[in-house]
Amino acid sequence: MRNLISSKENTWCIGCGNFGIFAAVRKCIKTLHEEGTPLADIVMTSGIGCHGKIFDYLDISGIYGLHGRALATAQGVKLANPKLNVITFGGDGDSLGEGLEHTLFAAKRNMDITLILHNNGNYGLTTGQASPLSDFGYKGLSTPFGNVEKPFNAISLLLEAGASFVARGYSAKIDHLAGILHQAIRHKGFSFVEVLQPCVSYNNTYQLYNEHTAFLDALPSDIEHARALAKDHEKQYLGIFHNETRAVYHELIAPAIPAMDVSARKRYLTEYQ
Amino acid sequence: MRNLISSKENTWCIGCGNFGIFAAVRKCIKTLHEEGTPLADIVMTSGIGCHGKIFDYLDISGIYGLHGRALATAQGVKLANPKLNVITFGGDGDSLGEGLEHTLFAAKRNMDITLILHNNGNYGLTTGQASPLSDFGYKGLSTPFGNVEKPFNAISLLLEAGASFVARGYSAKIDHLAGILHQAIRHKGFSFVEVLQPCVSYNNTYQLYNEHTAFLDALPSDIEHARALAKDHEKQYLGIFHNETRAVYHELIAPAIPAMDVSARKRYLTEYQ
Amino acid sequence: MAQKIFTVLVGGKAGEGIKKAAQVIAHLAIIHNNHVFQTDDYQSLIKGGHNFSVVSMSPSRMYNTYKQANLVISFDSRSVDEHKGDLLEGGLHFCDEADVRDDTMIPLPLAKLVKTHYPEAGNMSLASIAIFCAVMGISEEFLKDTIAREFKRNQAENTSFALAVYQLVNQLDLQKVYELKQEQSVASKFYTGNQLLALGAWAAGLDCYFSYPMTPASSILHYLALKRDQLGIKTVHAESELAAANMALGACFAGKRAAVGSSGGGFALMQEAFSMAGMVEAPLLCFLSSRPGPATGVSTYTAQEDLFFALNQGHGEFPRIVASPDSFERAFTLAIELMNLAWESQSPAILLTEKHLSESATNLRLDISKVDEYQLAQPDSVNYQRYQFTQSGISPLKFPGSDSATDDDVIKWNTNEHLESGFRTDKATNIKLMKEKRQRKSAAIDSLSRKYRRVEVYGKGSTKVFAYGSTALELREAQKYIDFELVVPVYLEPFPHDELAAYRGKEVIVVEHSLNPNFARFLKEKLEIKVKANILRYDGRHFDAGELVNAIREAIDA
Amino acid sequence: MAQKIFTVLVGGKAGEGIKKAAQVIAHLAIIHNNHVFQTDDYQSLIKGGHNFSVVSMSPSRMYNTYKQANLVISFDSRSVDEHKGDLLEGGLHFCDEADVRDDTMIPLPLAKLVKTHYPEAGNMSLASIAIFCAVMGISEEFLKDTIAREFKRNQAENTSFALAVYQLVNQLDLQKVYELKQEQSVASKFYTGNQLLALGAWAAGLDCYFSYPMTPASSILHYLALKRDQLGIKTVHAESELAAANMALGACFAGKRAAVGSSGGGFALMQEAFSMAGMVEAPLLCFLSSRPGPATGVSTYTAQEDLFFALNQGHGEFPRIVASPDSFERAFTLAIELMNLAWESQSPAILLTEKHLSESATNLRLDISKVDEYQLAQPDSVNYQRYQFTQSGISPLKFPGSDSATDDDVIKWNTNEHLESGFRTDKATNIKLMKEKRQRKSAAIDSLSRKYRRVEVYGKGSTKVFAYGSTALELREAQKYIDFELVVPVYLEPFPHDELAAYRGKEVIVVEHSLNPNFARFLKEKLEIKVKANILRYDGRHFDAGELVNAIREAIDA
Ligand SMILES: Cc1ncc(C[n+]2csc(CCOP(=O)(O)OP(=O)(O)O)c2C)c(N)n1
Ligand SMILES: Cc1ncc(C[n+]2csc(CCOP(=O)(O)OP(=O)(O)O)c2C)c(N)n1
Ligand code: SF4
Ligand code: SF4
Ligand SMILES: [Mg+2]
Ligand SMILES: [Mg+2]
């Protein structure tokens with residue numbers, strides 16, 4: 001198998017958490033491939049932002065979508081060809097700001113795709129403005145006197161919306177992250193993985209995360225427990241918060257008959273009238 | 001005070017829950033007025049849908065906005081003139097579908113406005129299609145074989161997003177609803193009132209609500225408790241689920257100096273350069 | 001010369017089944033070998049208000065309904081007032097006895113009969129079917145069967161009520177003004193414009209339809225959703241138009257034919273995605289069915305205000321296709337053509353239409369011969385490059401997960417400016433080359449589209465009248481009374497310069513549903529026509545044939 | 001004839017302070033009484049890649065930078081390779097000793113010096129300021145003060161590093177090619193285009209600015225956010241462009257002047273709100289700063305692809321204003337004009353510009369005399385009707401919560417078609433009347449806009465060149481070398497027919513930044529000009545004066 005790294009020059013800042021995500025994704029895809037998933041059946045969509053650049057670096061098929069819309073695009077891909085494994089790379093501005101609606105509806109529908117959220121707590125690519133996950137008080141170019149909004153909690157928001165698989169990883173814990181991604185992609189239904197991703201240029205959270213992350217011991221007993229852990233004030237827990245099996249959208253809306261070729265359509269119409 | 005009913009012909013279906021909301025709103029505005037709020041300081045925005053028609057019937061100033069955007073428009077009104085009491089009337093399609101993002105961000109920001117959600121569990125005006133709050137299995141023109149999505153829970157979704165006042169009323173309990181609306185509008189911060197609103201044409205829930213609603217005894221002890229009550233499988237609780245005081249957006253972003261008139265601006269620019 | 005035409009107008013409150021009754025009347029006319037046209041005038045409300053449906057029928061093809069009716073049936077006093085002026089000489093106006101204003105109305109005890117025949121809420125609108133049958137001399141038996149077939153609930157009550165009305169009218173001994181039963185058999189399927197658009201797109205391979213309801217486009221979604229298991233089609237009622245359009249682009253990437261539909265407001269929300277279609281070169285088919293704007297506008301009426309909006313969708317420069325069906329037949333074939341053109345040229349296409357076509361209905365036979373077989377070349381796998389430079393600008397398509405795609409294929413669609421490989425670029429030379437590649441498709445689209453009828457000319461005459469979209473239908477109805485040459489560009493972009501060369505610089509009349517003479521301005525730019533007169537209607541209502549005849553005569557005489 | 005011009009090009013990686021260094025150099029030039037122009041060429045990345053900033057200076061007004069530089073300073077080997085061809089004869093190219101390719105470069109031990117002078121990461125870009133000072137003969141003292149004033153962190157290290165570089169360059173004993181110190185004093189404030197737009201809007205009363213960041217419009221938001229407490233302004237970084245635009249409409253309703261800004265993609269998302277502005281008659285001011293499209297396109301470069309997109313924003317028909325600033329001075333005054341026109345006519349206005357103006361910078365003095373006092377008539381309270389019919393189509397405005405509003409006022413803005421009262425309607429006659437009322441504002445806008453300079457003509461000559469937006473700046477720089485008459489419609493809608501009457505039917509050259517000659521097409525339609533030549537650039541880069549001179553000469557000789 002090829003090493004999944006394209007020949008494109010990588011322009012992430014040195015030390016950016018995106019490198020860890022990139023490594024974990026490659027590792028996970030390798031595992032999937034070893035388990036028998038053809039590379040041809042894995043596709044990605046990505047939003048616009050530093051996170052989206054993974055599109056250029058990861059050597060698999062996909063769509064470099066519009067800012068905020070990659071998850072809508074991904075849903076179209078999946079519905080059109082359910083055999084594909086569809087992975088979306090989103091930013092916190094991208095997927096919880098501009099594209100929040102698509103994220104919550106994909107969860108509600110239990111679309112069988114995976115959203116990997118590069119949570120760097122800011123809009124990296126557009127020079128560090130506050131994002132929906134920026135802390136209260138965060139100073140960026142659009143909030144020079146400090147962000148006045150409290151951040152969403154991505155995990156509990158997605159739990160609330162109905163995501164059937166919800167997890168959190170940390171870009172610096174590549175193996176752990178790769179494992180989570182693997183389960184997320186294998187999960188039948190909507191899987192959401194928040195990745196804590198330090199942004200060395202605008203929101204360097206390495207120290208914070210190194211000190212304040214901890215692995216979950218086990219799957220929380222229920223959603224309430226999961227939510228409480230997601231909102232813990234001391235620790236940012238890493239691991240799987242929720243994993244349930246629920247019917248998936250593309251199967252629920254599937255017609256009783258398969259798609260017809262054009263001659264069959266002609267026949268149908270001729271008879272129909 | 002005038003009776004707040006415009007001369008426009010009312011075109012809601014006879015028996016529609018919107019009449020109850022309309023009555024409760026008028027009652028509440030009367031109370032506000034008696035308490036000293038000038039009618040001139042109350043403005044509304046509304047979305048597009050049966051709910052939005054309240055704009056034509058309620059004789060106060062406002063904007064009949066775009067479908068899904070009335071709450072964004074309302075935020076602009078409030079920021080421009082914080083002295084105004086701003087009330088938004090939204091539909092479940094409007095405010096939790098097309099405009100979901102604005103709803104969650106208004107809550108996150110703690111914008112000091114009130115959203116009244118006419119929850120009739122469908123898109124009434126466009127002939128009864130499934131909405132984000134329609135039940136699984138709901139049959140409408142866009143889901144003739146049954147809705148395959150699980151509905152959002154409006155109360156717990158808004159709690160999650162950070163609304164500082166969250167309540168539920170029922171259009172058939174006009175006095176109770178008027179009381180809640182009064183507290184919601186008086187609340188400093190973002191207030192969300194879900195109103196259970198039977199739609200006699202497409203989703204007649206009178207019997208269901210008459211049997212399955214119950215008043216909350218007291219404010220739930222905390223958000224977890226509130227959420228549990230909101231998600232109760234047996235009962236649809238009516239009352240206030242959450243009520244907290246938090247700094248409001250328009251005050252947090254307010255400049256240190258008041259707006260200048262043009263001559264002051266000229267002076268500033270002359271000195272500046 | 002106009003053949004005998006008979007028009008029925010049924011008016012009443014929303015929610016009373018007016019439209020359904022009119023459809024049944026249309027159906028009865030069709031079974032008796034009439035051509036029919038049906039229009040609905042309704043407001044944005046569910047119950048109450050004032051709705052009316054009109055059916056015009058004749059032994060020859062119908063292109064519109066008439067406001068002036070031979071038979072008016074009013075179910076409430078508002079209808080009586082609204083439509084008492086709409087009665088043709090010698091026509092009949094039936095209404096409830098309580099609503100009679102003067103002796104031009106024929107009173108019937110409708111409210112009483114409903115009360116007598118139904119224990120609970122009754123179906124008043126059946127009376128219009130009964131009246132129609134009685135007036136036309138259709139047998140009691142036939143009426144009974146029709147009611148039984150078309151209305152499944154309360155069958156016994158329906159029948160007894162309808163027969164009671166029928167008998168009352170029969171006793172009136174009215175003079176027959178129209179012979180319903182015609183010799184020549186006619187195409188008997190009855191379609192709305194939206195159904196034809198849906199079927200056309202489906203005939204051309206539609207696999208997924210993504211939409212958010214918006215009048216007058218919603219019924220495309222409704223129709224396809226309902227036919228899921230017959231057509232094998234997927235429909236998604238998305239969370240918003242933005243979602244719908246971006247989903248459709250994903251479906252294209254996966255190799256499936258997809259479409260979206262909305263009206264102006266929803267389409268405004270799809271502009272970024274439309275621009276994306278231009279950039280990623282996605283064959284996105286869009287139905288844009290117009291209503292009066294701006295903003296929410298007037299949701300249930302017709303307009304052609306969105307011409308320039310449609311032609312200039314999306315930021316940035318990229319080739320696109322815009323065409324507008326001038327007939328119900330074309331609604332079906334144009335949907336096929338645009339789907340195929342979109343895929344052949346990998347460009348977005350807009351099928352621009354109006355409420356008047358979307359929601360009106362007529363009888364016709366689908367031209368199945370227009371359904372093209374299509375095949376996409378499957379490029380081989382060695383170094384597949386999504387945006388490979390070619391002379392035509394069209395690069396070979398390959399789809400992830402398709403049979404021809406292997407693990408070595410990396411298929412990259414990119415909203416950023418990109419290299420042949422699909423990777424992003426911001427290098428000056430690369431930007432230039434890729435922009436030029438896309439631009440070359442304009443010529444390709446033009447030549448591909450020539451296999452279709454891009455311009456239609458109806459009738460003859462020294463007077464030349466230009467129109468597009470369903471305005472052409474209105475004019476063809478007018479052609480029954482006055483001679484002129486009706487010239488209709490079906491394709492607006494690419495503009496069919498060659499087919500229209502003969503009209504360059506000519507003096508013409510332009511008819512359109514907008515306040516500004518937009519289409520005329522467009523023709524001036526493209527063809528340097530001289531506008532003798534603009535005939536404009538912008539109140540949301542369609543033109544009546546008589547009105548057009550007068551306006552055209554006036555223009556000629558001016 | 002061109003006066004002496006000196007150009008400095010500083011190249012290196014993103015995140016190294018290239019742009020800041022160039023700004024300081026520009027500042028030094030200004031203090032020495034030079035006019036300057038500064039441009040930044042950067043990619044969509046935060047650190048690494050290749051950026052370069054250019055400052056061109058001269059004793060007379062500068063309208064652009066030059067790619068060919070007298071002084072090139074390269075901070076990495078990529079820069080050396082990219083820019084070794086950009087050196088003018090007799091120019092100097094400084095780089096790190098490790099990156100020297102041939103003897104056209106002057107090696108400096110930059111990397112080594114950084115290591116010696118900074119314990120941790122150093123600020124290499126200061127070297128360019130030091131080199132500039134040394135080459136220009138600016139004193140050591142002056143350099144020290146400058147560095148201390150402009151860079152607050154690591155002051156000691158900065159100074160010692162900069163001085164070390166300075167001394168090394170001083171020892172080279174270079175020949176002076178440009179006399180920095182000029183006699184004539186110049187306007188000394190240094191502004192980017194976006195700052196001028198922001199200040200113009202503010203001068204005209206801007207109270208709230210709503211935006212979602214998008215290059216190249218983002219810095220309007222950043223600038224205003226930062227100046228909150230000096231200007232008394234509110235800024236909102238909204239959740240999306242849709243939110244921003246709908247918020248701004250709310251602010252207008254509340255009687256406050258508001259604006260939004262974005263680039264093409266974000267603007268595509270504001271179309272529905274733009275159409276709403278047309279319907280509710282909201283004075284919405286929009287900044288649209290273009291970059292190459294379609295879709296995400298090329299985020300950090302310049303383009304004029306959005307002309308028709310801007311002119312045809314929004315579904316439905318309604319009057320609007322579109323104008324494009326042709327200079328930095330006009331960026332300020334046009335923002336004032338459009339804000340006032342929008343409010344006077346209660347119509348949406350688009351200020352269309354490009355990255356080249358938005359993000360480039362020059363020195364100038366604001367023309368405060370262009371700041372108009374404005375006053376809104378306060379209609380009295382009896383039966384206030386928001387959409388009262390008037391001859392001009394403009395209805396009196398009244399604001400909820402304002403001093404003049406009483407409890408009896410019901411002020412209704414409506415996205416549905418409406419009556420004078422603002423209540424919804426779908427009646428044919430009412431629709432027609434209200435559409436006509438809105439339409440009448442077109443004439444009002446036209447006459448209101450006549451108080452401004454709607455067309456600008458620069459230079460003289462038998463050759464006539466048309467351009468709009470910042471392309472006019474590029475052409476004015478070219479006018480230093482070749483004579484032609486440059487005609488610039490500042491207003492595009494309403495189109496200044498009268499001012500341009502003299503050019504009707506004339507043969508002209510049209511210069512623009514797009515692949516299709518869109519502006520030429522627009523002028524053909526409006527003025528029936530004959531296009532002698534289209535000069536098009538569509539690779540995201542601005543035109544260089546020399547390139548334009550050649551292209552125009554070629555066009556003339558053709
Ligand atoms: C419609 C639209 N609006 C704005 C932008 C500009 N834009 C590009 S990336 C971005 C934000 C990126 O933030 P995030 O999604 O968190 O990604 P990150 O760079 O942090 O990975 C913005 C606002 C755009 N490309 N499209
Ligand atoms: C952008 C846009 N999309 C679609 C519509 C059509 N539309 C009008 S109302 C409505 C749904 C109404 O549902 P809801 O918000 O629940 O209101 P209800 O009628 O149930 O009160 C839709 C889809 C529109 N007006 N604008
Ligand atoms: S700006 Fe932040 S997120 Fe973007 S590449 Fe640099 S470190 Fe990574
Ligand atoms: S359709 Fe439903 S929501 Fe709308 S007016 Fe009728 S009953 Fe009320
Ligand atoms: Mg981010
Ligand atoms: Mg609803």
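Protein chains get the first letters and strands the later ones, always in sequence-line order, with residue 1 at the start of each. FYI, side chains are in, hydrogens and waters are out, and symmetry mates aren't considered; it's all heavy atoms of this structure.
Of the atoms belonging to His250(A), not a single heavy atom falls under 4.5 Å from chain C. With a 4.5 Å cut-off on non-hydrogen atoms, Phe332(C) touches chain A through its side chain but not through its backbone. Both the backbone and the side chain of Leu231(C) come within less than 4.5 Å of a heavy atom in chain A. Looking at Lys227(C), only its side chain comes within 4.5 Å of chain A, counting heavy atoms on both sides. For Ala70(A), no part lies near chain C; criterion is any non-hydrogen pair under 4.5 Å. The parts of Ala259(A) that come within reach of chain C are both its backbone and its side chain, each placing non-hydrogen atoms under 4.5 angstrom from that chain. At a 4.5 Å heavy-atom cutoff, the contact between Ser263(A) and chain C is made by backbone and side-chain atoms alike. Heavy-atom distances place no part of Leu4(A) under 4.5 Å from chain C, backbone and side chain included.
Contact check for Asn81(A) versus Phe399(C): no side-chain heavy atoms found under the 4.5 Å cut-off. Using a 4.5 Å heavy-atom threshold, the side chains of Tyr268(A) and Trp202(C) count as touching. Counting heavy atoms from C-beta on, the side chains of Arg2(A) and Val410(C) come closer than 4.5 Å. Residues Arg69(A) and Glu272(C) form a side-chain contact, since some pair of their non-hydrogen atoms from C-beta on lies under 4.5 Å apart. In this structure the side chain of Asp229(C) never reaches within 4.5 angstrom of the side chain of Ile257(A), judged on heavy atoms. Using a 4.5 Å heavy-atom cutoff, the side chains of Met247(C) and Thr73(A) are not in contact. For the pair Asp56(A)/Asn414(C), a side-chain contact is recorded, criterion being any heavy-atom separation below 4.5 Å from C-beta on.
Considering OH of Tyr64(A) and OG1 of Thr415(C), their distance stands at 7.5 Å, rounded to 0.5 Å. Expressed to the nearest 0.5 Å, how far OG of Ser61(A) lies from CH2 of Trp413(C) amounts to 11.5 Å.
In this structure, Gln273(A) contributes its side chain and Leu366(C) its backbone to a donor-acceptor pair below 3.5 Å. One N or O on the side chain of Lys8(A) and one on the backbone of Arg424(C) form a donor-acceptor pair closer than 3.5 Å. No donor-acceptor distance shorter than 3.5 angstrom exists from the side chain of Arg265(A) to the backbone of Leu199(C), with no hydrogens or angles considered.
In terms of heavy-atom proximity, Lys234(C) sits nearest to Ala80(A) at NZ-O, 3.7 Å. Residues Arg228(C) and Leu252(A) come closest through the heavy atom pair NH1-O, 4.1 Å. Taking every heavy atom of both residues into account, Ser6(A) and Phe423(C) meet most closely at CB-CZ, 3.6 Å.
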When you look at Gln75(A) and Val236(C), which way does the side-chain contact (heavy atoms from CB on, under 4.5 Å) test go after all the steps? CA-CA 10 Å; Gln75(A) 294 180 61; Val236(C) 176; over 6 Å; no
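A salt bridge is defined here as a Lys NZ or Arg NE, NH1 or NH2 lying under 4.0 Å from an Asp or Glu carboxylate O, and Glu239(C) with Arg109(A) meets this definition.
Between chain C and the options Leu79(A), Ile63(A), Val43(A), heavy-atom pairs under 4.5 Å are most frequent for Ile63(A). The candidate from Leu84(A), Asp41(A), Val86(A) with the greatest count of non-hydrogen atom pairs under 4.5 Å with chain C is Leu84(A). Between chain C and the options Lys53(A), Lys266(A), Met44(A), the largest number of non-hydrogen pairs under 4.5 Å is found for Lys266(A). Between chain C and the options Ile42(A), Asp261(A), Asp59(A), Leu104(A), the largest number of non-hydrogen pairs under 4.5 Å is found for Asp59(A). The candidate from Gly250(C), Ala238(C), Ser188(C) with the greatest count of non-hydrogen atom pairs under 4.5 Å with chain A is Gly250(C). Contact count against chain A (heavy-atom pairs under 4.5 Å) is highest for Pro400(C) among Pro400(C), Cys208(C), Ser369(C). Interface check for chain C: of the options Leu39(A), Leu269(A), Leu66(A), the most heavy-atom pairs under 4.5 Å are formed by Leu66(A). Ranked by non-hydrogen atom pairs under 4.5 Å with chain A, the options Asp207(C), Leu249(C), Thr235(C), Leu242(C) are led by Leu242(C). Listed options Pro38(A), Pro255(A), Pro258(A) were ranked by heavy-atom pairs under 4.5 angstrom with chain C; first place goes to Pro255(A).
Donor-acceptor pairing under 3.5 Å is lacking for the side chains of His102(A) and Asn246(C).
Relative ring orientation between Tyr191(C) and Tyr272(A) is described as tilted, the plane-to-plane angle lying within the 30° to 60° band.
Annotation: cation-pi pair Lys412(C)/Phe55(A) present, NZ/CZ under 6.0 Å from the ring centroid and within 45° of its normal.
Counting non-hydrogen atoms of neighbouring residues, nucleotides and ligands closer than 6.0 angstrom, the CG atom of Asn3(A) exceeds 12 such neighbours. Counting non-hydrogen atoms of other residues, nucleotides and ligands closer than 6.0 Å to NZ of Lys427(C) gives a total of 12 or fewer.
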